[in-house]
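Keep in mind it's a predicted model, so treat the numbers as computed, not measured.
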Amino acid sequence: MMTSQNATTSPVSALTIDSIIEDFEFLDNWDDRYRYLIELGRKLPPFPEDERTEDTKVQGCASQVWLISHPTKAVDGTHLDFVGDSDAHIVRGLVAILLALYSGRPVAEIAATDPTPVFERIGLKDHLTPQRSNGLRSMVERIRSDARAILSAP
């Protein structure tokens, strides 16, 4: 589900999900798309070394992935901002795409947003190894789980 919120720039990313999709559609071959994915990962802000803990590590990823969510209060409710990192270049790019898709949005939207249409549109669904696809699902589940936890809190 794409909303106008997606057109805004996330606090942790200089790129919007819409601009990432446009860039992927502009690139003709998968070598260029992989290079772009790696470039996206390089643009992630530095991840705090002291936050590379078992609590922030995403379980179910072959590579090491760390995600932290930061809730912020807004007029329309609680939003979540995310920071993340990975020890693998392509996976870092996947983290960057997920942060552009989810970060800065209301928790209800995060919990309800299925990233599958985005990954189908940019063609990643068919060009990720099974291990990376499983890791991607684990990252999405972690992000959505953080949102659901806030939604269910008293």
Side-chain angles (χ1 to χ4, degrees), residues 1-26 33-34 36-61 63-125 128 132-153:
M1 164 160 81
M2 302 284 276
T3 65
S4 60
Q5 177 69 23
N6 289 347
T8 63
T9 302
S10 148
V12 297
S13 171
L15 296 173
T16 65
I17 193 61
D18 293 333
S19 67
I20 291 171
I21 290 169
E22 287 174 18
D23 290 344
F24 265 96
E25 290 173 343
F26 176 76
R33 288 179 176 197
Y34 282 125
Y36 178 60
L37 190 58
I38 291 167
E39 181 185 323
L40 288 174
R42 287 186 178 131
K43 291 180 180 180
L44 285 175
F47 193 85
E49 282 300 320
D50 61 336
E51 293 286 356
R52 294 178 194 270
T53 66
E54 285 302 311
D55 288 339
T56 62
K57 193 172 181 181
V58 177
Q59 302 304 314
C61 294
S63 304
Q64 293 190 80
V65 177
W66 300 272
L67 283 172
I68 301 171
S69 59
H70 299 284
T72 56
K73 296 289 183 191
V75 187
D76 60 347
T78 302
H79 290 215
L80 280 178
D81 294 318
F82 296 93
V83 291
D85 197 12
S86 175
D87 63 349
H89 295 297
I90 289 176
V91 177
R92 267 189 115 218
L94 296 175
V95 169
I97 291 172
L98 290 176
L99 296 187
L101 179 62
Y102 287 110
S103 198
R105 295 179 57 195
V107 292
E109 277 187 38
I110 292 169
T113 298
D114 177 6
T116 305
V118 169
F119 283 94
E120 286 175 349
R121 185 164 173 200
I122 61 180
L124 278 174
K125 185 176 182 255
L128 292 178
R132 285 195 182 119
S133 292
N134 288 337
L136 182 60
R137 278 190 292 279
S138 295
M139 287 185 274
V140 168
E141 180 50 36
R142 169 71 171 281
I143 288 168
R144 292 172 77 188
S145 173
D146 286 359
R148 286 191 302 268
I150 291 173
L151 285 172
S152 66

Task: Minimum heavy-atom distance between Ser63 and Ala88, given as atom pair plus value - done: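 Nearest pair, atom of Ser63 first, then Ala88: OG-CB, 3.4 Å.
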TODO: Could you tell me whether Glu141 and Arg144 make a salt bridge, using a distance below 4.0 angstrom between a side-chain N and a carboxylate O?
DONE: no
- [ ] Under the side chain to side chain contact (heavy atoms under 4.5 Å, CB included) rule, collect the residues that match up with Ile68, sequence neighbours excluded.
- [x]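 Once residues adjacent in sequence are excluded, the partners of Ile68 under the side chain to side chain contact (heavy atoms under 4.5 Å, CB included) criterion are Phe47, Glu51, Thr56, His70, Val83.
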Rounded to the nearest 0.5 Å, what separation is found between the [atom1] atom of [X] and the [atom2] atom of [Y]?
{"X": "Leu136", "Y": "Leu124", "atom1": "CG", "atom2": "CG", "result": "8.0 Å"}
{"X": "Lys57", "Y": "Ser86", "atom1": "NZ", "atom2": "OG", "result": "10.0 Å"}
{"X": "Leu98", "Y": "Thr113", "atom1": "CG", "atom2": "OG1", "result": "11.5 Å"}
{"X": "Arg121", "Y": "Ile20", "atom1": "CZ", "atom2": "CD1", "result": "12.5 Å"}
{"X": "Arg142", "Y": "Phe82", "atom1": "CZ", "atom2": "CZ", "result": "9.0 Å"}
{"X": "Leu94", "Y": "Leu40", "atom1": "CG", "atom2": "CG", "result": "9.5 Å"}

Open item on the list: Any side-chain to backbone donor/acceptor pair from Arg33 onto Ile122? Under 3.5 Å, distance only.
Closed with: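 Between the backbone of Ile122 and the side chain of Arg33 there is a qualifying donor-acceptor contact (under 3.5 Å).
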- [ ] Look at the side chain of Arg42 and the backbone N and O of Ile38, then say whether any donor-acceptor pair between them is shorter than 3.5 Å.
- [x] no
With a 4.5 Å cut-off on side-chain heavy atoms, are [Y] and [X] touching?
{"X": "Ile110", "Y": "Asp146", "answer": "no"}
{"X": "Tyr102", "Y": "Val140", "answer": "yes"}
{"X": "Ile150", "Y": "Pro71", "answer": "yes"}
{"X": "Thr78", "Y": "Thr72", "answer": "no"}

Open item on the list: Just by distance, no angles: are the side chains of Asp18 and Thr16 close enough, under 3.5 Å, to form a donor-acceptor pair?
Closed with: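 Looking only at side-chain atoms, Thr16 and Asp18 do not form any donor-acceptor pair under 3.5 Å.
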Please name all residues satisfying salt bridge (charged side-chain N to carboxylate O under 4.0 Å, His left out) with [X], sequence neighbours left out, ordered by chain then number.
{"X": "Arg137", "answer": "none"}
{"X": "Glu54", "answer": "none"}
{"X": "Glu39", "answer": "Lys43"}

Task: Partner residues of Tyr36 under the ring pair (Phe, Tyr, Trp, His ring centres under 6.0 Å) criterion, sequence neighbours left out - done: Phe24
- [ ] Could you name each residue pair satisfying salt bridge (Lys or Arg N to Asp or Glu O under 4.0 Å) that touches residues 86-101, not counting sequence neighbours?
- [x]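 Listed once each, the pairs are Asp85-Arg92.
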Open item on the list: Would Val91 and Arg132 count as a side-chain contact (heavy atoms from CB on, under 4.5 Å) here? Give the steps.
Closed with: CA-CA 7 Å; Val91 177; Arg132 285 195 182 119; 4.2 Å; yes
